[in-house]
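One structure is given here, and the rest of the page talks about it.
All residue numbers in this chain count up from 1 along the given sequence. Keep in mind it's a predicted model, so treat the numbers as computed, not measured.
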Amino acid sequence: MAVKGSATVTLSQYRDTESVTRYYKLQSSSMAAPDKPANVKPNEPPAGWSKSEPACDITKTLYTCDVTVFSDKTTHVSDVSKSTSYEAAKEAWNKAQTAQNTATEAAKTADNYISADSTGIMVSENKGATKETPSNATKNNVLITEKDVQIRNGQKTVSSYGDATIIGREDGNHIVISDDSIQAKNGDAESLKISLTPDRPIAGYGVDFDGSTVAQRVQNSETITIICQLGEDAISVDRAFLMHESIGGTDLIIDNSKNWIQYVLNTNSVTITIDGSDTEAKAVQWEKFFQLVIRYIPVRQYTSSIECDNLTAKGSLKVDNNINANVAELNGVHIGSDVFIGKYLGNDRTVIEYLDESGKRADLIQVIKGTGFLELTTGKVKFHPRWWRCGNIVQMEVGTKCTGEVASGANIAKGFVTGVPKPITESGVRAVSYYGNNANISYMGSDGTFYARNAGADSLKKDNDCIGGFTYITDGTWV
């Protein structure tokens, strides 16, 4: 019989995942990795494996494998692998242990060399069973206190460094170096003292400044260099500026904060550099400035005096210049206790010296000279004070100019003078000069106050000058 029709039925079975369990095996790190477990039954740990993660042991390695159980109760075991979290924990533990060991060794080292008590912190070789402190120290040590650092032999200080530096034991011969002196002492008794005291105030120097020419060169974007000779060596520049021609005008300060105008000190001169290509430099009205002024601190700012009760010089004594001392003469004599006539050791210069009002020696036949500084609030500086001194007699000249018309009885200039010998008179000194037929009076007080006045019957015109020549006695100090 022929088949009239047919059909096919396909049967399939689906397996579901029933569970996934991780198992752990901890073994020595020197052993090879374990093999993958075989014949694993559902919900039974493989032989040698545990279901719980063991505690950390840095000498061992932790391995893991995952067992999957299907709904038909068959199992699948994953490949064996190292536990990365366990390895990270081991590495962290090792680093912590290394740091702890380092800290422990550092503490041992510090304990062998550093100790402290209420006296301060002491650094010394301190490895003995009985540890020394600053208060019972017997060995050489360095003691750090709130006021100084001491180098000690036991508890006796052999030198210290603080506000004053002390070299040597204070109960014996020692040297004390402070801000204002150097002393040689035996205990509390002072045998020698060298005192350092200010000798003169800040000096000043001014030169004419051709503002119109500078203005033209700046517009051409040129670089302009001006060298101002000071006439003596300087430590530093206190202030540099260009003076404005108008009394109410603003001076141009040169403090190196501007890239386009700066100064450089070169021992006994100052170099000013103006960059004419700079936009700010082009905006300056250079023609309004007429003088460049440099205020500086000279090298010879300090003098020293030596004080001692008894001084004996053995052998030969070489002197480069001179010694201002009562016992330094060669072929000379003292007249009384204050006047010396003769020559100094190592110097062919003949001198006649006396003690001036300030207690310093002044030479009656040798001339010394210098330049002061005139700072004005009215008028214009023609030249700063130039002075010459011989003994206690001073000759000085100061030049000022009118900035506009000055009526009879009015001030040509007014300001303050520094850096010149001080007049002995409390009321100051005066000088008389003339411009044409017009008399002018210049005045300088003992405190440096200065003015120049039109004492004539006629008015003075702009740029008319007043040159005062002063002659006076000084007390040896400085204005």
Side-chain angles (χ1 to χ4, degrees), residues 202-232 234 237-296 371-386 397-406 412-419 433 435 440 450 452 460-468:
I202 295 171
Y205 195 83
V207 296
D208 290 339
F209 181 80
D210 188 351
S212 298
T213 300
V214 170
Q216 293 175 3
R217 296 185 62 185
V218 166
Q219 293 309 311
N220 292 331
S221 298
E222 299 180 32
T223 297
I224 302 155
T225 301
I226 304 170
I227 299 177
C228 182
Q229 298 292 339
L230 302 179
E232 62 181 329
V237 173
D238 174 68
R239 189 182 180 199
F241 60 96
L242 292 172
M243 292 185 67
H244 200 279
E245 68 177 11
S246 170
I247 297 174
T250 302
D251 293 340
L252 177 60
I253 306 299
I254 310 170
D255 58 5
N256 285 355
S257 63
K258 311 175 187 68
N259 293 328
W260 48 272
I261 182 167
Q262 296 194 338
Y263 69 80
V264 175
L265 174 63
N266 307 297
T267 308
N268 57 6
S269 66
V270 175
T271 301
I272 307 295
T273 303
I274 302 172
D275 180 6
S277 65
D278 190 274
T279 303
E280 291 187 51
K282 292 183 181 299
V284 175
Q285 292 183 296
W286 297 101
E287 62 276 3
K288 298 293 184 180
F289 301 102
F290 70 96
Q291 190 162 53
L292 169 63
V293 178
I294 307 293
R295 298 189 67 175
Y296 61 92
T371 302
F373 181 74
L374 176 60
E375 189 165 12
L376 297 178
T377 56
T378 302
K380 181 189 298 186
V381 177
K382 181 178 178 67
F383 56 81
H384 288 275
R386 302 189 286 240
E397 61 177 356
V398 184
T400 57
K401 298 173 69 174
C402 300
T403 56
E405 185 172 299
V406 177
I412 299 169
K414 185 177 181 181
F416 201 81
V417 172
T418 55
S433 61
Y435 191 90
N440 302 320
F450 175 86
L460 294 173
K461 305 299 182 183
K462 180 179 178 180
D463 289 333
N464 285 174
D465 59 35
C466 172
I467 301 176

Completion exercise
Nearest heavy-atom contact between H384 and G372 is CB-O, 3.6 Å
Completion exercise
Scanning both residues in full, the closest heavy-atom pair of F383 with I467 reads CZ-CG2, 3.8 Å
Exercise for the section: List the steps and the verdict of side-chain contact (heavy atoms from CB on, under 4.5 Å) for R295 and T418. Expected result: CA-CA 11 Å; R295 298 189 67 175; T418 55; 4.1 Å; yes
Fill in the blank from the handout: Here the gap from L376 atom CG to T403 atom OG1, rounded to the nearest 0.5 Å, amounts to 9.5 Å
Exercise for the section: Could you tell me how the ring of W286 sits relative to the ring of W260: parallel (under 30°), tilted (30 to 60°) or perpendicular (over 60°)? Expected result: perpendicular
Exercise for the section: First locate atom CD of Q291, then atom CG of D208, and finally report the distance between them rounded to the nearest 0.5 Å. Expected result: 6.0 Å
Fill in the blank from the handout: Interatomic distance, CD1@I253 vs CZ@F241, rounded to 0.5 Å, equals 6.5 Å
Handout entry: Residue pair Q262 / N259: nearest heavy atoms and the distance that separates them
Key = NE2-CA, 3.9 Å
Practice task
Find the distance between CD1 (I294) and CD1 (I272) and round it off to the nearest 0.5 Å.
Solution key: 4.5 Å
Exercise for the section: Give a yes or no on whether the backbone of K414 and the side-chain of T377 come within a donor-acceptor separation of less than 3.5 Å. Expected result: yes
Problem - Between OG on residue S212 and NZ on residue K288, distance to nearest 0.5 Å - result: 9.5 Å
Practice task
Please answer whether the main-chain N or O of K462 pairs with a side-chain N or O of K401 as donor and acceptor at a distance below 3.5 Å.
Solution key: no
Fill in the blank from the handout: Correct closest heavy-atom pair for D465 and N440 would be O-ND2, 3.8 Å
Exercise for the section: Identify the two heavy atoms, one from F289 and one from T250, that lie closest to each other, and give their separation to 0.1 Å. Expected result: CE2-O, 3.6 Å
Problem - Approximate separation, where rounding is to 0.5 Å, of I274 CD1 and I224 CD1 - result: 5.0 Å
Exercise for the section: Applying side-chain contact (heavy atoms from CB on, under 4.5 Å) between V381 and each of L374, V398, V293, T400, report the one that passes. Expected result: L374
